[in-house]
Amino acid sequence: VENMEDASSEQKPRFNLEQLSDYSMPRIVTSTVLGSLGGASAGYYIGEKTAVYFYTFGLTAGIVGAGFFGGVYTIKSIRGKDDIANFAASGAITGGTIASIAGIRQGLVGAVVGALLGSTYRKVAAGYT
């Protein structure tokens with residue numbers, strides 16, 4: 001019986017900080033760069049200080065990306081599956097947490113929108129596997 005328990009515990013995925021870094025870092029950098037470019041474009045279009053928009057949009061996108069992709073990896077490690085539910089759950093948690101700053105109702109809307117965006121990301125950007 002002990003051998004069976006050892007074998008089953010070896011098969012379960014475990015949370016690994018190095019793998020989290022390998023999984024999340026390129027995605028966080030990409031979201032930060034895209035947020036920065038979007039912020040700079042918005043600042044230029046509005047006629048405001050482009051650098052301020054560049055940094056604030058980039059920082060915000062980086063923080064949201066870190067929360068989202070860190071959540072995806074953590075949920076994947078806990079569940080032992082890599083599917084759309086991980087992305088939807090992480091999107092709901094991230095969106096709900098950020099939006100809840102404005103109140104409970106906004107937090108619920110943020111969770112729903114986050115789940116929809118997370119599952120959409122999985123389908124569009126991460127492929128159909």
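Along the sequence shown, the residues carry numbers beginning at 1. No experiment lies behind these values; they were computed from the predicted model shown.
- Atom CG of Leu20 is separated from atom NZ of Lys76 by 10.0 Å, given to the nearest 0.5 angstrom.
- With rounding to the nearest 0.5 angstrom, the CZ atom of Arg27 is 11.5 Å from the OH atom of Tyr73.
- Side-chain heavy atoms closer than 4.5 Å link hydrophobic residues (I, L, V, M, F, W, Y) into clusters, and following such links, possibly through other members, connects Leu117 to Val109.
- Take Phe57 and apply the ring-ring contact (aromatic ring centres under 6.0 Å, His included) test, not counting sequence neighbours, and it matches Tyr53.
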Atom pairs and distances, donor-acceptor, side-chain atoms in residues 85-103, under 3.5 Å, two or more places apart:
| residue | atom | partner | partner atom | Å |
| --- | --- | --- | --- | --- |
| Asn86 | OD1 | Arg79 | NH1 | 2.6 |
| Asn86 | ND2 | Lys81 | O | 2.6 |
| Ser90 | OG | Phe68 | O | 2.6 |
| Ser90 | OG | Val72 | N | 3.3 |
| Thr94 | OG1 | Ser90 | O | 2.8 |
| Thr97 | OG1 | Ile93 | O | 2.6 |
| Ser100 | OG | Gly96 | O | 3.2 |
| Ser100 | OG | Thr97 | O | 2.8 |

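- With side-chain heavy atoms closer than 4.5 Å counting as contact, directly or through intermediates, Ile28 stands alone and belongs to no larger hydrophobic cluster.
- In terms of hydrophobic clustering, with Ile, Leu, Val, Met, Phe, Trp and Tyr side chains grouped at heavy-atom distances under 4.5 Å, Leu108 and Leu116 are assigned to different clusters.
- Residue Ile46 places its CD1 atom among more than 12 non-hydrogen atoms of other residues, nucleotides or ligands, all under 6.0 Å distant.
- Checking side-chain atoms of Ser24 against main-chain N and O of Ser21 turns up no donor-acceptor pair under 3.5 Å.
- Closest approach of Ser31 to Ala61, counting heavy atoms only: O-CB, 3.2 Å.
- The neighbour count for Tyr23 OH, taken as heavy atoms of other residues, nucleotides or ligands under 6.0 Å away, is above 12.
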